[in-house]
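Below is one structure, written out as structure tokens; the observations come after it.
Numbering starts at 1 and runs along the sequence shown. These numbers were taken from a predicted model, which means no experiment stands behind them.
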Amino acid sequence: MKISKPNLNWGDIFANLLALCAFIAIGLGLWLCYIFIVKMNGFSPEVWQDRTLLGMAGEFLGGTVGSIWALAGVILFFLALIYQKRELVLQRMELHESRKIMEDQSRTIAIQQFENTFFQLLNFHINAANHIRNTKISTNSKSQNAFDELYIEFRKETTKLKKRRKADAGSLSLSDESFENTFIAVFEGYKNTFQHYLENYKALLLFIKNKSHDPSFYYNIVKSHFTEQEVQVHFYYIILVSKNPELIKIIEDHHLFEKINERAVSEVDPYHLQKVDKEAFRKEY
């Protein structure tokens, strides 16, 4: 097994060499002082009384030893700058790490806040859907839930309209305006039942788009709670009532009409399946 060699830090090597040179210079100065004093017999009292010798000693020590110690002082000053720069770099790295930790914490808090709101909206949506599903509407001695009854009544009114069109103009095709007016007229009768449910549906989709860090993940969670009957109501409401291009784009990008019964919609009017991109109906397995 190969043992990896530690990487050489040339900055540290250079700083250590400078420090060594500084201590050598200081030691050399002290050694020269000692040698000079010994050579002059400087430990004798007569030497300290001779001004000429003292002047020579001062010139030597100031010129030679002083220069060496000045060089040592420059080196030590330069070393101080190097270590100060290193400390600043370390402080900057610590600040960067601290900022990164704070950003991670902020991101975690933002995700937690998002998920708290998301699951509150999702629970409200599920409860509203269950309430509508449990709301039975009796027609012709049959009891239907509101999702089924809205679609059935809309299909009946569309069929009646087509018959009138055929009798008057000899054509079964409906204009966008007549088709839209038919659904709106039927929807008005169920508005109190569906209003909060559909408003929450729109708010939930837009909230995920605007606040989520991973929209596809949360749209898949939402989509798993939709039933076929719900998606049919969503389809007609979005293309005929809301007409919000932002919502339509979300639905197309994340295939939120995946569970729709295209055959049932085609029986009412196949033309309106073309109102949204086919990606909205793509099934993911």
Side-chain angles (χ1 to χ4, degrees), residues 99-133 146-147 150-151 154 176 179-180 183-184 187-188 190-262 264-265 268-285:
R99 185 174 63 182
K100 186 177 179 182
I101 291 172
M102 291 181 66
E103 288 175 352
D104 291 340
Q105 290 176 343
S106 298
R107 193 177 298 111
T108 301
I109 292 172
I111 291 173
Q112 291 175 345
Q113 291 176 340
F114 165 81
E115 290 192 341
N116 286 337
T117 306
F118 167 76
F119 284 110
Q120 287 176 3
L121 289 172
L122 181 60
N123 286 333
F124 182 87
H125 179 86
I126 293 170
N127 292 334
N130 289 334
H131 175 73
I132 294 171
R133 210 170 284 116
F147 285 112
L150 172 62
Y151 178 70
F154 173 56
D176 282 351
F179 193 86
E180 178 180 325
F183 180 80
I184 292 175
F187 179 74
E188 284 296 323
Y190 296 85
K191 191 171 183 179
N192 291 335
T193 303
F194 285 96
Q195 187 68 30
H196 295 299
Y197 167 82
L198 291 171
E199 289 298 325
N200 184 79
Y201 168 73
K202 293 190 295 183
L204 182 57
L205 299 189
L206 292 174
F207 176 71
I208 295 172
K209 176 184 179 293
N210 295 328
K211 300 295 184 180
S212 171
H213 62 287
D214 185 7
S216 295
F217 174 75
Y218 293 101
Y219 282 126
N220 284 332
I221 293 177
V222 171
K223 190 165 53 175
S224 66
H225 292 280
F226 293 158
T227 63
E228 181 182 312
Q229 292 87 349
E230 285 184 76
V231 176
Q232 286 178 337
V233 173
H234 298 167
F235 173 74
Y236 286 115
Y237 177 78
I238 291 296
I239 67 171
L240 298 176
V241 180
S242 175
K243 299 180 182 179
N244 186 325
E246 188 176 9
L247 287 173
I248 293 174
K249 187 70 169 62
I250 292 171
I251 289 165
E252 291 173 345
D253 290 344
H254 300 281
H255 328 298
L256 296 186
F257 288 161
E258 172 186 315
K259 293 182 180 179
I260 199 168
N261 187 335
E262 294 184 55
V265 174
V268 178
D269 187 2
Y271 168 71
H272 285 84
L273 287 171
Q274 302 172 18
K275 289 288 186 178
V276 292
D277 190 272
K278 62 181 180 180
E279 281 294 307
F281 309 107
R282 183 162 68 84
K283 293 176 171 51
E284 296 180 323
Y285 297 100

Report task. Quick one: closest heavy-atom pair of Thr193 and Ala146, and the distance? Result -> CG2-CB, 4.0 Å
Query raised in the report: Does Phe235 reach the side chain of Phe281, with side-chain heavy atoms less than 4.5 Å apart?
Result: yes
Query - From CG (Asn127) to CD1 (Ile132), nearest 0.5 Å - result: 11.0 Å
Query raised in the report: Please walk me through it: do Tyr190 and Gln195 pass side-chain contact (heavy atoms from CB on, under 4.5 Å)?
Result: CA-CA 8 Å; Tyr190 296 85; Gln195 187 68 30; over 6 Å; no
Query raised in the report: Should the heavy atoms of other residues, nucleotides or ligands under 6.0 Å from NZ of Lys202 be counted, would the total exceed 12?
Result: yes
Query raised in the report: Nearest 0.5 Å, what's the CD-CD distance between Glu262 and Gln232?
Result: 11.0 Å
**Report entry** Criterion salt bridge (Lys or Arg N to Asp or Glu O under 4.0 Å) on Glu252 and Lys278, from CA distance to verdict
**Finding:** CA-CA 7 Å; Glu252 291 173 345; Lys278 62 181 180 180; over 6 Å; no
Query raised in the report: Is it true that Tyr201 and Phe124 have ring centroids separated by less than 6.0 Å?
Result: no
Query - Least distance between heavy atoms, Ile239 atom then Lys243 atom - result: O-CG, 3.6 Å
Query raised in the report: Hey, would you say the Phe226 and His125 ring centroids sit under 6.0 Å apart?
Result: yes
Query - Ring centers of Phe118, Tyr218 separated by less than 6.0 Å - result: yes
Report task. Output yes when a side-chain donor or acceptor of Ser224 lies under 3.5 Å from a complementary backbone atom of Ile221, and no otherwise. Result -> yes
Requested in this report: Search all heavy atoms of Leu198 against all heavy atoms of His234 and return the closest pair with its distance.
Outcome: CD2-CD2, 4.2 Å
Query raised in the report: Where do Phe147 and Phe194 land on the side-chain contact (heavy atoms from CB on, under 4.5 Å) test, with the steps shown first?
Result: CA-CA 9 Å; Phe147 285 112; Phe194 285 96; 3.5 Å; yes
**Report entry** Least distance between heavy atoms, Ser242 atom then Leu247 atom
**Finding:** OG-CD1, 3.8 Å
Query - Side chain to side chain, Lys259 and Thr227, heavy atoms closer than 4.5 Å - result: no
Report task. May I ask you to say whether Lys209 pairs ionically with Glu246, meaning some side-chain N is under 4.0 Å from a carboxylate O? Result -> yes
Query raised in the report: Side chains of Arg133 and Gln229: closer than 4.5 Å at any heavy-atom pair?
Result: no
Report task. Evaluate the side-chain proximity of Leu122 to Val222: yes if any heavy-atom separation is below 4.5 Å, no if none is. Result -> yes
Requested in this report: Determine, step by step, whether Leu205 and Tyr219 satisfy the side-chain contact (heavy atoms from CB on, under 4.5 Å) criterion, reporting the C-alpha distance in whole Å, the side-chain angles of both residues, the deciding distance to 0.1 Å, and the verdict.
Outcome: CA-CA 8 Å; Leu205 299 189; Tyr219 282 126; 3.8 Å; yes
Query raised in the report: Looking at CD of Glu228 and OH of Tyr151, how far apart are the two atoms once the value is rounded to the nearest 0.5 Å?
Result: 9.0 Å
Query - Note, Tyr236 side chain near Phe187 side chain (heavy atom, < 4.5 Å) - result: no
Query raised in the report: Looking at side-chain heavy atoms only, is the closest gap between Val276 and Ile238 below 4.5 Å?
Result: no
Query raised in the report: Checking side-chain contact (heavy atoms from CB on, under 4.5 Å) for the pair His255/Lys223: CA distance, chi angles, key distance, verdict?
Result: CA-CA 9 Å; His255 328 298; Lys223 190 165 53 175; 4.1 Å; yes
Query raised in the report: Do the side chains of Tyr197 and His131 get nearer than 4.5 Å, heavy atoms only?
Result: no
Query raised in the report: With no hydrogens and no angle check, is any side-chain donor or acceptor of Asn116 less than 3.5 Å from a backbone partner on Gln112?
Result: yes
Requested in this report: With rounding to the nearest 0.5 Å, note down the distance linking CG in Asn130 to NE2 in His225.
Outcome: 10.5 Å
Requested in this report: Apply salt bridge (Lys or Arg N to Asp or Glu O under 4.0 Å) to Lys249 and Asp253, showing your working.
Outcome: CA-CA 6 Å; Lys249 187 70 169 62; Asp253 290 344; 2.7 Å; yes
Query raised in the report: For the rings on Phe154 and Phe179, is their centre-to-centre separation under 6.0 Å?
Result: yes
Report summary line: When rounded to the nearest 0.5 Å, the distance separating CZ of Phe257 from CZ of Arg282 is 15.5 Å
Query raised in the report: Side chains of Ile250 and Leu206: does their closest heavy-atom pair fall under 4.5 Å?
Result: yes
Query - CD1 on Ile251 to CG on Asp277, rounded to 0.5 Å - result: 12.0 Å
